[in-house]
Amino acid sequence: MHEMSITISMMEIVREHMARVGLKGLKRLKVRVGELTAVEPRALSFCFEAYVKGTEFEGAALDIEEVPYLGRCTGCGEKFHMEGFLQLCPRCEGVHIEELSGTELEIVSMEAS
Amino acid sequence: MHDFTIKEKILSKNDELAGENRVLLRERGVYSINMVSSPGSGKTSVIEKTLEALKGKLEVAVIEGDLQTDLDAQRIKKHGVPVRQITTGKACHLDAHLVGGALDWLFSHPEVRLLIIENVGNMVCPAEYDLGEDAKVLVMSAPEGDDKPLKYPAIFHASDVLLINKTDLIPHTDFSMARARKNALAINPGLKIFETSCVTGEGIDAWVNYLTGEMMTVVP
């Protein structure tokens, strides 16, 4: 359970960006969380709600885009969802897999005034 | 209302600090490993065995991360190596800032070539936090079950080395080494795996030889 640390890091970045462009009211924050990260989206939402209460960010919404763990087999070229996080091609059973997505933990954008 | 693209990693600050740690460690010729595991996998025992094997050959220092107490640090101290305890309070992982704060202490021991960082026993959170180490070494113990990699994929994916510890207990469990290896490699085909026991000493030499070999390629 480290979603609170993640939330604090996230809001520090937001605070810096808002200060830089002279904005005060955060309306919406969009983030991407990969399936393979050790971050649980529901716990992140919960921590975000707890964090913004009583701060300048109160009332802001958090949009979490959950990014699936996708891979491409370097042998046969098959693109697939890595079910159970296994790096195994479902078509040719190849194990040389290029990771396409699923490790993201990033802020995408914000709406603010 | 304005819409802003930010496109920044949430842990960018930690990654930046980890990068600084890495540069400082390299400059001083120190190789570092970040040891992660669930609580009770035998991490501290593996470190003690590693220290015994390296005694007289290589100067080592240890950073101990724990929620509370300096019990592990006291165990390490008996081996006569510099040890620094970091208690995180209730935080479930070490981060690059905490480790960075211990580097001045580390560099006051200029003879040290290898830094072992024992992370807080936790198989979830440490997966996300780079400390600036050269390698992440994951310890899992046989009694935890051969399906552990499937249950905690992020940490298996993030690690470079896996020590499957407490092999002496295998006869008392339904643990299958073949299944454990297969599961671990299915999550991370690049994992280097060693089977160890701190009771019988099995695998410790192989692990330590590998460690010193890797070290020489990074900080000759």
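In what follows, every chain begins at residue 1, and chains take the letters A, B, ... in the order their sequences are listed.
Taken from NE2 in A:His2 to OH in B:Tyr129, the straight-line distance is 5.5 Å, to the nearest 0.5 Å. Between the CD atom in A:Glu12 and the OG atom in B:Ser12 there is a gap of 9.5 Å [rounded to 0.5 Å].
No more than 12 heavy-atom neighbours from other residues, nucleotides or ligands sit within 6.0 angstrom of NE2 on A:His96. At most 12 heavy atoms of other shown residues, nucleotides or ligands fall within 6.0 angstrom of atom OH in B:Tyr152.
Heavy atoms closer than 4.5 Å to chain B are found nowhere in A:Ile97, neither backbone nor side chain. For A:Ile13, the part lying near chain B is the side chain, with the backbone staying farther off; criterion is any non-hydrogen pair under 4.5 Å. Both the backbone and the side chain of B:Lys9 come within contact range of chain A, each with at least one heavy atom under 4.5 Å from a heavy atom of that chain. Proximity to chain A is limited to the side chain of B:His157, based on heavy atoms less than 4.5 angstrom apart. Proximity to chain B is absent for every atom of A:Glu40, based on heavy atoms less than 4.5 angstrom apart.
Scanning both residues, B:His93 and A:Ser5, for their nearest heavy atoms gives CE1-OG, 3.6 Å. The two residues A:Ser113 and B:His2 make their nearest non-hydrogen contact at CA-CD2, 4.5 Å.
No other option in A:Lys30, A:Glu104, A:Glu99, A:Arg32 has as many heavy-atom pairs under 4.5 Å with chain B as A:Glu99. Chain B forms the most heavy-atom pairs under 4.5 Å with one residue out of A:Ile6, A:Thr103, A:Leu36, and that residue is A:Leu36. Considering only heavy-atom pairs separated by less than 4.5 Å from chain B, the leading option among A:Met110, A:His17, A:Arg28 is A:Met110. Chain B forms the most heavy-atom pairs under 4.5 Å with one residue out of A:Val14, A:Thr37, A:Leu88, A:Thr7, and that residue is A:Thr37. Note on A:Ala112, A:Gly84, A:Ser9: by heavy-atom pairs under 4.5 Å with chain B, the leading option is A:Ala112.
Using a 4.5 Å heavy-atom threshold, the side chains of A:Gln87 and B:Ile187 count as separate. With contacts defined as side-chain heavy-atom distances shorter than 4.5 Å, the pair B:Ile6/A:Val108 does not qualify. At least one side-chain heavy atom of A:Leu86 sits less than 4.5 Å from a side-chain heavy atom of B:Leu150. Between B:Lys13 and A:Glu16 there is a side-chain heavy-atom pair separated by less than 4.5 Å.
Under a 4.0 Å N-O distance rule, the pair B:Lys7/A:Glu106 qualifies as a salt bridge.
Using a distance-only test at 3.5 Å, with no hydrogens or angles considered, a donor-acceptor pair links the side chain of B:Glu128 to the main chain of A:Ala38.
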